[in-house]
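All values derive from a computational prediction rather than experimental measurement. We count ligands from 1, going down the list as the structure has it; atoms in each ligand are counted the same way.
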Amino acid sequence: MPRFRAILDTMPAYKAGKAVVSADGRSHKLSSNESPYDPLPSVLEAVASAATRMHRYPDPAATELTEALAERYDVPAEHVALGAGSVTVAQQLFETVGEPGAEVIYAWRSFEAYPLLADLSGVTSVRVPLLDETHHLDAMADAITPNTRMIFVCNPNNPTGTVVRSAELTAFLDRVPENVLVVLDEAYREYVRDADVVDGLSVYRERPNVAVLRTFSKAYGLAGLRVGYLIGAEPVAAAVRKTMVPFAVNHLAQAAAVASLAAEDELLERVDAVVKERDRVRETLIAQGWTVPVTEANFVWIRLGERTLDFAGACAAEGVAVRPFAGEGARVSIGDPEANDTFLAAAAAFRNA
Ligand SMILES: *Cc1c(COP(=O)(O)O)cnc(C)c1O
């Protein structure tokens with residue numbers, strides 16, 4: 001029997017969202033926060049054309065995409081680092097600080113990948129419980145020790161959809177030592193409509209120890225192609241590039257991301273439609289009697305406690321896959337109106353049962 005790292009025995013497996021089908025054949029996947037829209041024709045075309053070069057390695061530096069991002073956000077290209085999805089960029093970040101004794105702080109509950117990546121990189125996870133479903137930044141600052149190397153702030157938070165606003169973020173960052181990297185995970189930035197939520201890119205411009213994580217998986221609809229990026233000061237981006245596995249971002253993903261930036265107006269119109277649906281879903285749930293925190297992402301969070309798995313089962317019976325966190329609550333992605341209506345009917349029936 002080969003010997004593996006002991007941590008593998010205690011690491012929870014990442015649970016990806018699963019599709020479910022109702023008895024009469026309906027299936028709505030509201031468990032992975034994906035875009036409900038089909039790919040844009042212009043993006044499909046770019047991928048098809050890139051496919052003719054699949055016998056060649058991709059550009060390891062993803063030059064065209066890096067430059068497109070630099071131009072889009074008005075940052076130097078040296079401040080951009082890419083990865084195969086922002087989860088992989090997060091993994092690269094853990095690699096940059098991961099050594100025995102290093103501590104990484106994040107809120108809990110937050111993105112499920114953080115504990116896995118922390119365990120894999122050998123750092124110590126310091127989890128700070130949410131307060132009212134929101135990052136408790138004072139407690140997170142209190143948790144900083146001389147061993148703290150990195151802090152994740154997931155904004156909006158997955159799975160609660162709640163946000164950290166500008167004034168509290170500034171007060172928090174003022175308490176973080178300069179040698180601790182703060183990563184603002186903004187996977188859902190495009191869905192934010194609250195004007196008090198600062199854009200991480202304006203924070204990073206003032207604070208070299210703050211970096212922003214973004215992805216093409218959600219608002220840009222490229223979850224299946226795996227491409228995400230970090231924008232941060234040159235030393236941060238350079239460290240993240242060093243920990244990237246060569247050729248991690250394949251050239252179909254690079255081409256699709258470049259085409260998506262070119263089609264951004266169309267994609268952001270779709271985001272507007274999802275935001276309208278989000279507000280409708282939340283209001284309807286509240287009218288049904290549920291408590292749903294204000295969400296700035298493309299999902300809603302319902303705290304269900306011991307009823308969580310029953311709720312997910314009732315939704316699955318109607319062909320709606322949601323993401324349950326046993327004993328805590330369920331996260332439900334915003335889909336197309338038909339999917340949302342099916343979910344809302346299931347939620348109403350569960351409440352009245
Ligand atoms: C979905 C998500 C990501 C993005 O993952 P990709 O690897 O880019 O698909 C990153 N962070 C959070 C918090 C997410 O919910």
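- For a threshold of 3.5 Å applied to N or O pairs, the pair formed by Asp185 and ligand 1 contains at least one separation below that value.
- Residue contact annotation: Gly85 has a non-hydrogen atom under 4.0 Å from ligand 1.
- Nearest non-hydrogen protein atom to atom 14 (C) of ligand 1 is Lys218 NZ, 3.3 Å.
- Taking a cut-off of under 4.0 Å to the non-hydrogen atoms of Ala187, the atoms of ligand 1 that pass are 2 (C), 3 (C), 10 (C), 11 (N), 12 (C), 14 (C).
- Between Phe350 and Phe311, the ring planes lie perpendicular to each other; the angle is over 60°, past the 30° to 60° tilted range.
- The aromatic rings of Tyr114 and Phe111 stand perpendicular to each other, their planes meeting at an angle above 60°, with 30° marking the opposite boundary.
- A salt bridge links Arg193 and Asp272; the closest N-O separation between the charged side-chain nitrogens and carboxylate oxygens is under 4.0 Å.
- For an aromatic pair to be called close, the ring centres must be under 6.0 Å apart, and His79 with Tyr73 fails this.
- On a distance-only criterion, Val87 and ligand 1 share at least one N/O pair closer than 3.5 Å.
- When non-hydrogen atoms are compared, ligand 1 lies under 4.0 Å from the side chain of Tyr188 (C-beta onward) but not from its backbone.
- Between the side chains of Asp196 and Ser166, no donor-acceptor pair is found at a separation under 3.5 Å.
- Nearest non-hydrogen protein atom to atom 9 (O) of ligand 1 is Ser217 OG, 2.6 Å.
- A cation-pi contact links Arg331 to Phe299, judged by a cut-off of 6.0 Å to the six-membered ring centre and 45° from its axis.
- In terms of protein heavy-atom proximity, atom 7 (O) of ligand 1 is nearest to Arg226 NH2, 2.6 Å.
- The shortest side-chain heavy-atom distance between Asn33 and Asn158 falls under the 4.5 Å cut-off.
- Here Asn158 has side-chain heavy atoms under 4.0 Å from ligand 1, and that is the only part of it that gets that close.
- Counting heavy atoms only, Ser86 comes closest to atom 6 (P) of ligand 1 of the residues Cys154, Ala84, Ser86.
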